[in-house]
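Here is the structure we will look at, set down as structure tokens.
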2 protein chains.
Amino acid sequence: MKKKKTTISDVAEKAGVSKSTVSQYINQRFRYMSAETKDRIEQVIQELDFRPNDNARNLKVKKTKVIGILVANILHTLSTEIIRTVEEQLQHRGMKVFICDSADDPEKEKEYLDLLVSTQVDGIIIFPVGNDFKVYNYLIDHSIPMVFVDRLVDGVTSDSVLLDNHAAIFLAVSMLAEKGHENIAFLTLPIDIPITPRLERIEGFKKAMASHKLEVREDDIHSLPRNQIQEKLARIFDAEKPPTAIVAGNDLVLREILSYLKQQKISIPGEVAIVSIDDVAYTEFYEPSITTIGQPIQQMGIKTAELLLNRITNSDQAPYITYRFAPELIVRSSC
Amino acid sequence: MKKKKTTISDVAEKAGVSKSTVSQYINQRFRYMSAETKDRIEQVIQELDFRPNDNARNLKVKKTKVIGILVANILHTLSTEIIRTVEEQLQHRGMKVFICDSADDPEKEKEYLDLLVSTQVDGIIIFPVGNDFKVYNYLIDHSIPMVFVDRLVDGVTSDSVLLDNHAAIFLAVSMLAEKGHENIAFLTLPIDIPITPRLERIEGFKKAMASHKLEVREDDIHSLPRNQIQEKLARIFDAEKPPTAIVAGNDLVLREILSYLKQQKISIPGEVAIVSIDDVAYTEFYEPSITTIGQPIQQMGIKTAELLLNRITNSDQAPYITYRFAPELIVRSSC
DNA sequence: CTGAAAGCGCTTACAG
DNA sequence: CTGAAAGCGCTTACAG
């Protein structure tokens, strides 16, 4: 049998006190409350299984103690790992988090951003999808604390936490150059919407090659959707002088590469060397184990939480900073 | 410069109408509104970049159009995949979702459940962590729509969606039995807290073995934490008559097994055959590719959304049903 | 130590 | 077609 929701008035009435007093109790302000009153209220709340309506409370106090995380794509392991760390940090400071998934859809991102704003969350952590700064105007105009993770948005200045992508790709290329590779290819996902890590890694790849005095040939950099990667690899290996090494722009790209190489029985590192950005679990026990560039997830999560918390507690306008985290090279057997 | 939040009164004043009329506009009730008024309000809302405060609205209308998903552990790929599907379904029906991560911690689960209740979400989807039915009493007493996914809770009757675990393990064992394996081991994560899939798979394993007239030896079923699996495997393979086949209870267990076998240079399927429950991405291009039992994620997600939506729209008390989904055997080269 | 009253920002019958 | 008024469930100075 369905029970009606209990309100603070019900509690007050049953306990024979005023709503104010019950409110004091809920908010742990016991200073001026007799032990007797306190016990009585406690008991009634138990009996009635009373849960305060946060909508009413938030409406009044204008703080929710919840922060929103808007993630570009919840299927990326990297994102959920960072979220996990952020959540742990925030929890210690008495905050809770609502996670929303943009599913790589700028439209959805916008809708969830609106929802989070309407919900009056105390701050927002965003793994951006789109690149339309207007979407963030509201947050900026109203000084709603926010920090960007993994990606940046053109035209928006904000605290940001991301990998030093140039360093990451530099590590990969250097590793390969030292082993004597000269024809190195780089594969990454599409950049029809400008996506920071992809753009930076492409740019970094060119620079890294140059600094090792290696030529970047016309057909060495590929930016394309997952389902076209295998097809593209077929053409790459059909070329006159196929690359002797491939750098995978992220774990999804790596997956396609390994799948293709296995099918074609092309041996790693014998026929082609592989290095991948993002240190996903199976690379360690794959045969051969894959050399990867990892992101310091723990540190990135901690910094993200810290930055947001600072903005929430000190509303002073400290300058915005973009934090770049050093990648780590994990040397294994694929090159 | 920080702007004050705009309210419906600001809009009303600036547009020269009453709050009621603005409210009508926000709620798309244009029936009795002159085109002129409508345009004026629209323009003012634009100018002021007005966003209604959902807390106020929800307080009044007692509907939020958001549902909460409380996931046991957001790091499990299976969970995020189901969440993605559920979200897509719900979105088509005009609902949004807030995801909360219990991080395998019953205490956290309880806190987030409270928060979701306080937020007045219209329904809750739970991948349960704990097994304490009391935690769900409030939801039940107040007929808050909910559906359980992946796991059940003793003493709670509710709509539920999960894999047919008996069938899953039966498929695995049968596959191996047909290939002539007699000594089959089963490894799964701990069951100190009763966790449905693990319990059912253990039970199902015994039944499946029996139905194939195979003996389950003392040392064939292992339930232990991840970090103890490799050690345990060492002892298993040290035994007099080590198993010729291993079934992995889920993808995390599989990871440990593959890692161990690689280290010890034990060949698959030559020295030991492997079958795993949960069809994770890399199993397809691993060498050798791994035979797995997959869950029909899409279907499960669709059913979950459907069940919840039904409870939300028809508050009639249809009987609660537990839906079991048929696993699929994906035959590859590891046995 | 406790209560009455105002108010947070909306929505919704109802009157006109 | 539009507005005045009451109310959703809380919190918070303030008075006593």
Side-chain angles (χ1 to χ4, degrees), chain A residues 3-42 44-45 48-66 114-115 117-122 142, chain B residues 3-42 44-45 48-66 114-115 117-122 142:
Chain A
K3 292 184 192 167
K4 234 187 96 269
K5 291 233 163 109
T6 303
T7 73
I8 202 171
S9 304
D10 302 327
V11 177
E13 190 178 350
K14 185 150 185 183
V17 297
S18 76
K19 293 193 296 171
S20 318
T21 307
V22 177
S23 179
Q24 303 291 2
Y25 176 89
I26 296 170
N27 293 291
Q28 321 251 28
R29 281 192 274 271
F30 302 132
R31 255 170 309 192
Y32 307 120
M33 194 177 298
S34 63
E36 202 185 346
T37 311
K38 185 178 160 188
D39 289 348
R40 197 136 30 89
I41 294 175
E42 182 164 354
V44 173
I45 287 180
L48 264 35
D49 201 0
F50 167 64
R51 319 275 173 117
N53 181 330
D54 275 358
N55 285 314
R57 162 163 237 276
N58 297 337
L59 179 57
K60 190 66 191 165
V61 303
K62 295 178 170 161
K63 280 220 168 43
T64 53
K65 290 272 191 183
V66 355
D114 280 356
L115 177 62
V117 166
S118 305
T119 305
Q120 319 289 117
V121 292
D122 290 350
H142 296 264
Chain B
K3 293 184 192 166
K4 233 188 94 274
K5 290 233 162 108
T6 304
T7 71
I8 202 171
S9 304
D10 302 328
V11 177
E13 190 177 352
K14 185 152 186 184
V17 296
S18 75
K19 293 193 296 171
S20 320
T21 307
V22 178
S23 179
Q24 305 289 5
Y25 175 89
I26 295 170
N27 293 289
Q28 321 250 28
R29 281 193 275 272
F30 303 133
R31 254 169 308 188
Y32 306 119
M33 194 177 298
S34 64
E36 202 184 346
T37 310
K38 185 178 158 188
D39 289 348
R40 197 134 32 87
I41 294 174
E42 180 163 356
V44 173
I45 286 180
L48 264 34
D49 202 359
F50 166 65
R51 318 275 173 120
N53 181 331
D54 275 356
N55 286 314
R57 162 163 238 276
N58 296 337
L59 179 58
K60 191 67 190 161
V61 303
K62 297 182 168 156
K63 281 221 167 42
T64 54
K65 288 275 192 183
V66 356
D114 280 357
L115 177 62
V117 166
S118 305
T119 305
Q120 320 289 115
V121 292
D122 290 350
H142 296 264

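All values reported here derive from a predicted model rather than from experimental measurement. Letters go in sequence order (proteins before strands), and every chain restarts at 1.
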Closest heavy-atom pair, B:V11 versus B:F50, reported as atoms and distance to 0.1 Å, is CG2-CG, 3.7 Å
- Under 3.5 Å, is there a donor-acceptor pair linking the side chains of B:D122 and B:T64? yes
Scan B:K19 against the nucleic acid and name what it touches under 4.0 Å (heavy atoms): base, sugar-phosphate only, or nothing. base
As its Watson-Crick or G-U partner within any shown strand, both distances under 3.5 Å, D:dA4 has none
- Using a heavy-atom cut-off of under 4.0 Å over every strand shown, decide if B:S34 touches base, sugar-phosphate, or nothing. sugar-phosphate
query = How would you label the contact of A:F30 with the nucleic acid (heavy atoms, under 4.0 Å): base, sugar-phosphate, or nothing?
reply = nothing
Q. Between B:S23 (side chain) and B:K19 (backbone), is there a donor-acceptor pair under 3.5 Å?
A. no
note: A:N55, atom CG; D:dC10, atom C1'; distance rounded to Å ~ 10 Å
Separation of D:dC10 atom P from B:L59 atom CG, nearest Å, is 8 Å
- [ ] Look at A:S18 and C:dG3 and indicate whether a side-chain polar atom (N or O) is within less than 4.0 Å of OP1 or OP2.
- [x] yes
Winner on side-chain proximity to A:K62, out of D:dA4, C:dC8, C:dC10, is C:dC8
- Task: State whether A:T21 places a side-chain N or O below 4.0 Å from either non-bridging phosphate oxygen (OP1 or OP2) of C:dT2.
- Result: no
From the candidates C:dT2, D:dT12, D:dG9, the one with an atom nearest any side-chain atom of A:Q24 is D:dT12
Between CD of B:E13 and P of D:dG3 the distance, given in whole Å, is 13 Å
**Q.** Backbone of A:E36 reached by a side-chain donor or acceptor of A:D39 within 3.5 Å
**A.** no
Of B:N53 and A:V17, the one whose nearest nucleotide on DNA chain C sits closer to the 5' end is A:V17
Practice item. Please evaluate the base of C:dG7 for a donor-acceptor partner in the side chain of A:K60 within a cut-off of under 3.5 Å? Key: yes
Atom CZ of B:R51 and atom C1' of C:dC10 are separated, to the nearest Å, by 17 Å
From CD1 of A:I8 across to P of C:dG3 the rounded distance in Å is 12 Å
D:dA13 -> Watson-Crick or G-U wobble partner, both distances under 3.5 Å, gives none
Open item on the list: Under 4.0 Å from OP1 or OP2 of D:dT11: is there any side-chain N or O of A:R29 that close?
Closed with: no
Considering only heavy side-chain atoms of B:S20, the closest of D:dC10, D:dA5, C:dT11 is D:dA5
Handout entry: Quiz item: cation-pi between A:K38 and A:Y25, 6.0 Å / 45°
Key = no
Sugar-phosphate only, base, or nothing, as touched by B:Y25 at under 4.0 Å among non-hydrogen atoms: nothing
Rounded to whole Å, the CZ-C1' distance (B:R57 to C:dC8) equals 17 Å
NA contact type, B:N27, heavy-atom cut-off 4.0 Å: base, sugar-phosphate, or nothing? sugar-phosphate
Between CZ of B:R40 and C1' of D:dC1 the distance, given in whole Å, is 12 Å
Discussion item. What's B:S9 touching, base or sugar-phosphate or nothing? Going by heavy atoms closer than 4.0 Å.
Written reply: nothing
| query | Between B:T21 and B:T37, is a side chain to side chain contact (heavy atoms under 4.5 Å, CB included) present by the stated rule, with each step listed? | reply | CA-CA 9 Å; B:T21 307; B:T37 310; 3.9 Å; yes
**OP:** Classify the nucleic acid contact of B:S23 as base, sugar-phosphate or nothing, counting any heavy atom under 4.0 Å across all strands shown.
**Re:** base
Atom CG of A:D10 and atom P of D:dG9 are separated, to the nearest Å, by 9 Å
